[in-house]
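Below, chain A is the first sequence line, B the second, and so on; all start at residue 1. All values below come from the heavy atoms of this structure, side chains included, with hydrogens, waters and symmetry mates left out.
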2 protein chains.
Amino acid sequence: MFIELDLQSETPIYAQLVDQIVEGIASGALKPGDPLPSIRNLSEDLGINLHTVNKAYNLLKQEGFLQVHRKKGVIVQPDGMPGVTEEFEEKLRQQLRSLAAAAAVRGMSEEAFAQESKSVYRDMIMNRGGEQR
Amino acid sequence: MFIELDLQSETPIYAQLVDQIVEGIASGALKPGDPLPSIRNLSEDLGINLHTVNKAYNLLKQEGFLQVHRKKGVIVQPDGMPGVTEEFEEKLRQQLRSLAAAAAVRGMSEEAFAQESKSVYRDMIMNRGGEQR
DNA sequence: ATATCTGTTATATATGTAATATAACAAACA
DNA sequence: TGTTTGTTATATTACATATATAACAGATAT
């Protein structure tokens, strides 16, 4: 796993972990069934506390992106990722609204904003095999 | 001004204020030079503390979206909004990356994501006169 | 069986942010 | 001369973040 933390950032450490793991799954670097480091291992590798990693793993488990077994440890959800729920759509729209407003006020056009969204999505997916969806 | 606060939300009150004012400017509901309610008036209207409104106004002033005068009170930036700086682009990309990853993992396609971005932007601008940019 | 590693849970503590409550000050205005 | 403006200062409450230990029970390997 390639996790880089910015301890000076205003975004909490646990949130950075969540983001980067989700991005790892989206990019294909993490595939369904893949094991993740144990809480203690990862926390030690990153030089942070056990509970910070635990919080991130639990959030991802609650969202359905991870499974946590006594046996297998922590693995990427092998039984299909959660889909586009109405709840997620609503959250997505709300966040996009905030970004779109800030962009529009600064003079960024609708096309530029949509294009930026598109290329960010594409850059994330790029090096993924053709096996998904 | 049409400000609606969700006191149960996990997004801070001051951030909700910032968001909605920026959206007001983006949508054209607030035009350059338009006055905003005084700190005390708005805080009383919304039933929140003076300092919470002050914090929001100050952030917007620092970003260049508002001007604060002893004379005129608080007004929407009349001398041209800040443009698309490199700093803003970077922040925008980072946030879009997080959203795009969550969308991709859930199976939302690149086109659907870009389309969502586009329509959210459009819905925000809709009822704006043709006077901008 | 014994030691070890897993996630899980419980406490406690330090730090920072968010939000509130008062209070006061100086500039501008009617 | 009051009144309203933004501004600043202080104090307090509540909550989130992150850390430090400690212990427990299930699972695994020696």
Side-chain angles (χ1 to χ4, degrees), chain A residues 1 3-21 30 33-79 91 98, chain B residues 1 3-22 30 33-79 98:
Chain A
M1 278 288 298
I3 290 188
E4 292 205 2
L5 297 180
D6 177 4
L7 300 182
Q8 315 306 320
S9 168
E10 54 189 272
T11 61
I13 299 179
Y14 80 91
Q16 295 183 43
L17 278 176
V18 167
D19 274 354
Q20 295 193 33
I21 291 173
L30 291 173
D34 278 358
L36 269 72
S38 79
I39 293 178
R40 287 177 178 81
N41 272 346
L42 185 52
S43 64
E44 209 166 338
D45 282 2
L46 298 176
I48 61 178
N49 192 270
L50 174 157
H51 294 95
T52 306
V53 176
N54 190 45
K55 184 171 185 177
Y57 277 5
N58 267 321
L59 284 174
L60 290 165
K61 172 177 137 194
Q62 276 189 312
E63 292 193 64
F65 296 150
L66 296 184
Q67 275 188 9
V68 181
H69 290 87
R70 288 276 182 197
K71 301 186 58 168
K72 311 177 193 175
V74 181
I75 62 174
V76 178
Q77 178 65 257
D79 304 330
K91 236 184 231 170
S98 174
Chain B
M1 277 288 298
I3 290 187
E4 292 204 2
L5 297 180
D6 178 4
L7 301 183
Q8 316 305 322
S9 168
E10 54 190 272
T11 60
I13 299 179
Y14 80 92
Q16 294 184 43
L17 278 175
V18 167
D19 274 353
Q20 294 192 32
I21 290 172
V22 172
L30 291 173
D34 278 358
L36 269 73
S38 79
I39 293 178
R40 287 177 179 81
N41 272 345
L42 185 53
S43 65
E44 209 166 337
D45 282 3
L46 297 175
I48 61 178
N49 191 270
L50 173 158
H51 294 95
T52 307
V53 176
N54 191 46
K55 184 171 184 176
Y57 277 6
N58 267 321
L59 284 173
L60 290 165
K61 171 176 136 194
Q62 277 189 311
E63 291 195 63
F65 295 151
L66 296 184
Q67 275 188 7
V68 181
H69 290 88
R70 287 275 182 198
K71 300 186 60 169
K72 312 177 190 174
V74 181
I75 62 174
V76 178
Q77 177 65 258
D79 304 331
S98 174

Give each protein N/O atom lying under 3.5 Å from an N/O atom of nucleotides 14-18 of chain C, with the pair distance.
residue	atom	partner	partner atom	Å
C:dA18	OP1	B:Y14	OH	2.5
C:dA18	OP2	B:K55	NZ	2.4

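- Distance A:K61 NZ to C:dT6 P: 16 Å, rounded to the nearest Å.
- Contact annotation: B:S38 side-chain N/O to D:dT5 OP1/OP2 distance is under 4.0 Å.
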- Note on the structure: In 5'-to-3' order, the base (B), backbone-only (S) or no-contact (-) status of each nucleotide in nucleotides 20-30 of chain D, using a 4.0 angstrom heavy-atom cut-off, is BB-B-BSSS--
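- Every residue two or more places apart in sequence or in another chain that forms a side chain to side chain donor-acceptor pair (under 3.5 Å) with A:D79 is listed here: A:Q67.
- Dashed line: the shortest gap from a side-chain N or O of A:N41 to OP1 or OP2 of C:dT6 is under 4.0 Å.
- Taking side-chain N and O atoms only, A:T52 has a distance below 4.0 Å to OP1 or OP2 of D:dT19.
- Straight-line distance from the CG atom of B:L66 to the P atom of D:dT7: 11 Å, rounded to whole Å.
- Rounded to an integer number of Å, the gap from CG of B:N54 to C1' of C:dT20 is 14 Å.
- Taking atom CD on A:Q16 and atom P on D:dT17, their separation rounds to 12 Å, with Å as the unit.
- Nucleotide D:dT4 holds its C1' atom 17 Å from the NE2 atom of B:H69, rounded to whole Å.
- Applying the side chain to side chain donor-acceptor pair (under 3.5 Å) test to B:S98 and every residue at least two apart in sequence or in another chain returns A:D19.
- Exactly one of B:V76, B:L42, B:N41, B:V68 qualifies for a side chain to side chain contact (heavy atoms under 4.5 Å, CB included) with B:L36. That residue is B:V76.
- The side-chain contact (heavy atoms from CB on, under 4.5 Å) test applied to B:L5 returns B:I3, B:L7, B:I13, B:Q16, B:L17, B:L46, B:I48, not counting sequence neighbours.
- Taking atom CG of residue A:L59 and atom C1' of nucleotide D:dT17, one finds them 13 Å apart after rounding to whole Å.
- For the pair B:V74 and A:A15, both in contact range of DNA chain D, the more 5′-proximal nearest nucleotide belongs to B:V74.
- Atom CG of A:L60 is separated from atom P of C:dG7 by 14 Å (rounded to the nearest Å).
- Rounded to whole angstrom, the span from the CD1 atom of B:I75 across to the P atom of D:dG6 amounts to 12 Å.
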Enumerate donor-acceptor pairs with a distance under 3.5 Å from any side-chain N or O in residues 51-61 of chain A to protein atoms, sequence neighbours excluded.
residue	atom	partner	partner atom	Å
A:H51	ND1	A:N49	OD1	3.0
A:Y57	OH	A:P37	O	2.8
A:N58	ND2	A:N54	O	3.4

